[in-house]
Colleague: 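Input: one structure, supplied below.
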Amino acid sequence: MRAALAEAAEAGDLGDVPIGAVIVRDGRIVARGQNRREVDRDPTAHAELLALRQAARHLGGWRLSGCTVYVTLEPCPMCAGALLLARVDRLVYGAADPKAGAAGGVVDLFHGVRFNHTVRVTAGVCEAECREILRTFFSALRA
């Protein structure tokens, strides 16, 4: 999660909402992503999607079995769907997102829904730090 927080900080430095993601397989980081919606002017440039794309290129295929995604904020429905479709084994996230979260915040695409794949979810890892980086960013933006 520390690596995902570093990605989030970099996104914030570039003026994007500070959300970061890393993908780990066999104990090694195989991909990194940070929110780039403002920088790239792309509504789909979420940290998780960019990391998934990088992991697929690095690993040579779209099936990311054996991978764990660490992300600083609970994924939105688009990103949650992508994690399911990519067949990742596990999602670990920091702060909950009560406005757009799809791992229990607003909806839960990972439990009680009958997809052909399941993703194990661990919530609240480094939650205080993940929440604080967002709070600081938005406080500065409002000032």
Colleague: I need the minimum non-hydrogen distance between Cys130 and Ala95, along with the two atoms involved.
Modeller: CB-N, 3.8 Å
Colleague: What I'd like to find out is whether the side chain of Val92 reaches to under 4.5 Å of the side chain of Val71, using heavy atoms alone.
Modeller: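 Contact flag for Val92/Val71 side chains = no.
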Colleague: Rounded at 0.5 Å granularity, tell me how far OG1 in Thr68 sits from CD1 in Ile29.
Modeller: 11.5 Å
Colleague: May I ask whether Leu141 and Leu73 are part of the same hydrophobic cluster, defined by side-chain heavy atoms of I, L, V, M, F, W, Y residues being less than 4.5 angstrom apart, directly or through others?
Modeller: yes
Colleague: Before you tell me yes or no, could you show the steps for Glu129 and Arg2 under side chain to side chain contact (heavy atoms under 4.5 Å, CB included), namely the whole-Å CA-CA distance, both residues' side-chain angles and the distance that decides it to 0.1 Å?
Modeller: CA-CA 9 Å; Glu129 296 100 319; Arg2 299 281 177 222; 3.0 Å; yes
Colleague: Using side-chain heavy atoms (C-beta onward) and a distance below 4.5 Å, is Leu59 in contact with Leu64?
Modeller: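 Yes, at least one pair of side-chain atoms sits under 4.5 Å.
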Colleague: Tell me the closest heavy-atom pair linking Ala80 and Pro75, and the distance in Å.
Modeller: N-CB, 4.0 Å
Colleague: Are the side chain of Glu74 and the backbone N or O of Gly105 linked by a donor-acceptor pair below 3.5 Å?
Modeller: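 Such a contact is found between Glu74 side chain and Gly105 backbone.
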Colleague: Rounded to the nearest 0.5 Å, what separates atom CG in Asp89 from atom CZ in Arg25?
Modeller: 8.5 Å
Colleague: Of all the heavy-atom pairs spanning Gly15 and Phe137, show the shortest one and how long it is.
Modeller: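 Answer, listing the atom of Gly15 first, then Phe137: O-CZ, 3.9 Å.
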Colleague: Distance from Leu91 atom CG to Tyr70 atom OH, nearest 0.5 Å?
Modeller: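 Leu91 atom CG to Tyr70 atom OH measures 10.5 Å (nearest 0.5 Å).
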Colleague: Nearest heavy-atom pair of Leu109 and Phe115: which atoms, and what distance?
Modeller: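 Of all heavy-atom pairs spanning Leu109 and Phe115, the closest is O-CE1, 3.5 Å.
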Colleague: Heavy-atom distance under 4.5 Å between the side chains of Pro18 and Thr72, does that happen here?
Modeller: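 No - every pair of side-chain heavy atoms lies 4.5 Å or more apart.
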Colleague: Do Leu134 and Val17 have side-chain heavy atoms sitting under 4.5 Å apart?
Modeller: yes
Colleague: Got a second to check how far Cys126's SG is from Met1's CE, nearest 0.5 Å?
Modeller: 6.0 Å
Colleague: Between Val119 and Arg87, does a side chain to side chain contact (heavy atoms under 4.5 Å, CB included) hold up when you go through it step by step?
Modeller: CA-CA 8 Å; Val119 175; Arg87 310 291 197 268; over 6 Å; no
Colleague: Please name all residues satisfying side chain to side chain donor-acceptor pair (under 3.5 Å) with Thr136, sequence neighbours left out, ordered by chain then number.
Modeller: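 Listed in chain order: Glu132.
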Colleague: Mind checking what makes side chain to side chain donor-acceptor pair (under 3.5 Å) contact with Gln34, not counting sequence neighbours?
Modeller: Glu7, Glu10
Colleague: Within a strict 4.5 Å, meaning less than it, do heavy atoms of the Ile23 and Arg32 side chains meet?
Modeller: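 Contact flag for Ile23/Arg32 side chains = no.
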Colleague: For His117 and Val88, indicate whether the former's side chain and the latter's backbone hold a donor-acceptor pair under 3.5 Å.
Modeller: yes
Colleague: Calculate, to the nearest 0.5 Å, the distance between atoms CZ and CG belonging to Arg37 and Asp42 respectively.
Modeller: 9.5 Å
Colleague: Report the distance from atom CD of Glu38 to atom CG of Asp16, rounding to the nearest 0.5 Å.
Modeller: 5.5 Å
Colleague: Same hydrophobic cluster for Ile133 and Leu50, using side-chain heavy-atom links shorter than 4.5 Å among ILVMFWY?
Modeller: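 Cluster IDs for Ile133 and Leu50 differ.
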Colleague: Give the minimum heavy-atom separation between Trp62 and Leu85, together with the two atoms involved.
Modeller: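 Shortest heavy-atom contact: CZ3-O, 3.1 Å.
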Colleague: Is any side-chain heavy atom of Arg90 less than 4.5 Å from a side-chain heavy atom of Thr122?
Modeller: yes
